[in-house]
Amino acid sequence: MLEPKRVKHRKVFRGKNRGVALRGNNLSMGEWGLQTLDRAWLKGNQIESARKVIVREMKRKGKLWIKVFPDHSYSAKPAEVRMGKGKGEVQGYVAVVKPGRILFEISGVPEEVALEAFRKAGQKLPVLTKVIAKEN
């Protein structure tokens, strides 16, 4: 599963997930991209599940770039524990995404293959997505 090798701070604040993506919101490497329309926390297994679907649909042709990485830790307290007594243990890592963020990019495949791959990958993610193409 995707998670950072080392972090500066083990537990981080939840933060505010407001506004739209100002970075990572346009295609930089590929011809086709999967762009999010919602804000959410993407777990590593959700990103990996979408990646597998894309690779399977492309039949291992072309090139795939994953543009998000889960580097934000989240914590939770165990079930049936009273309030107080500090913050819970780290449960895992998430990628914080805002509307407009590019999640995946691909190139070297026909348009219909790219559209079908991203359609199936979008069903694996907890956000609404759309496919964008590079302007010529």
Side-chain angles (χ1 to χ4, degrees):
M1 191 161 75
L2 294 170
E3 68 179 36
K5 287 190 177 79
R6 52 189 297 273
V7 291
K8 186 170 184 180
H9 300 291
R10 194 165 56 94
K11 297 177 186 176
V12 296
F13 292 154
R14 291 178 62 87
K16 299 271 195 285
N17 195 0
R18 294 191 285 215
V20 296
L22 300 175
R23 297 166 186 256
N25 56 0
N26 48 22
L27 293 175
S28 58
M29 293 178 263
E31 301 166 1
W32 302 93
L34 186 67
Q35 186 177 44
T36 179
L37 301 174
D38 288 339
R39 62 190 81 248
W41 282 1
L42 296 182
K43 293 183 181 179
N45 58 356
Q46 294 168 333
I47 297 169
E48 177 66 13
S49 172
R51 183 198 68 81
K52 283 182 178 178
V53 167
I54 294 170
V55 170
R56 188 179 306 125
E57 191 65 31
M58 288 169 44
K59 296 186 173 66
R60 293 182 21 197
K61 293 179 175 60
K63 177 94 170 108
L64 169 69
W65 290 272
I66 304 170
K67 302 293 299 241
V68 290
F69 185 79
D71 57 355
H72 186 95
S73 65
Y74 69 97
S75 62
K77 291 170 103 43
E80 300 182 10
V81 172
R82 292 186 180 185
M83 291 281 103
K85 306 288 189 276
K87 193 168 181 176
E89 289 304 309
V90 172
Q91 294 295 308
Y93 292 87
V94 294
V96 180
V97 296
K98 296 180 177 184
R101 180 69 190 243
I102 304 292
L103 304 176
F104 299 96
E105 292 185 27
I106 59 176
S107 67
V109 293
E111 178 180 359
E112 56 275 359
V113 174
L115 294 176
E116 184 62 18
F118 281 151
R119 185 189 68 78
K120 288 182 177 179
Q123 293 176 343
K124 299 285 184 181
L125 298 170
V127 291
L128 290 174
T129 58
K130 72 174 182 178
V131 180
I132 60 170
K134 182 166 251 174
E135 299 91 14
N136 293 333

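One is the number of the first residue; the rest follow in order along the sequence.
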Atom pair [atom1] ([X]) and [atom2] ([Y]), whose distance is rounded to the nearest 0.5 Å:
| X | Y | atom1 | atom2 | answer |
| --- | --- | --- | --- | --- |
| Lys67 | Thr36 | NZ | OG1 | 14.5 Å |
| Ile106 | Leu34 | CD1 | CG | 9.0 Å |
| Tyr93 | Tyr74 | OH | OH | 11.0 Å |
| Asp38 | Leu128 | CG | CG | 4.0 Å |

Judged by atom type as modelled, is there a donor-acceptor pair below 3.5 Å linking the side chain of [X] to the main-chain atoms of [Y]?
| X | Y | answer |
| --- | --- | --- |
| Lys77 | Arg82 | no |
| Glu105 | Met29 | yes |
| Arg10 | Glu89 | no |
| Lys124 | Arg51 | no |

- Would you say Lys11 has more than 12 foreign heavy atoms packed within less than 6.0 Å of its NZ? yes
- Between Glu31 and Val109, which heavy-atom pair has the shortest distance, and what is it? OE1-O, 4.3 Å
- Which atom names give the shortest non-hydrogen contact between Gly33 and Leu27, and what distance separates them? CA-CD2, 3.6 Å
- For residues Val94 and His72, determine if any side-chain heavy atom of one lies less than 4.5 Å from a side-chain heavy atom of the other. yes
- Message: Less than 6.0 angstrom from the centroid, inside 45 degrees of the normal: does Lys43 satisfy that with respect to the ring of Trp41?
- Response: no
- Mind checking whether Val97 and Leu37 sit in one hydrophobic cluster, side chains of I, L, V, M, F, W, Y counted as touching below 4.5 Å? no
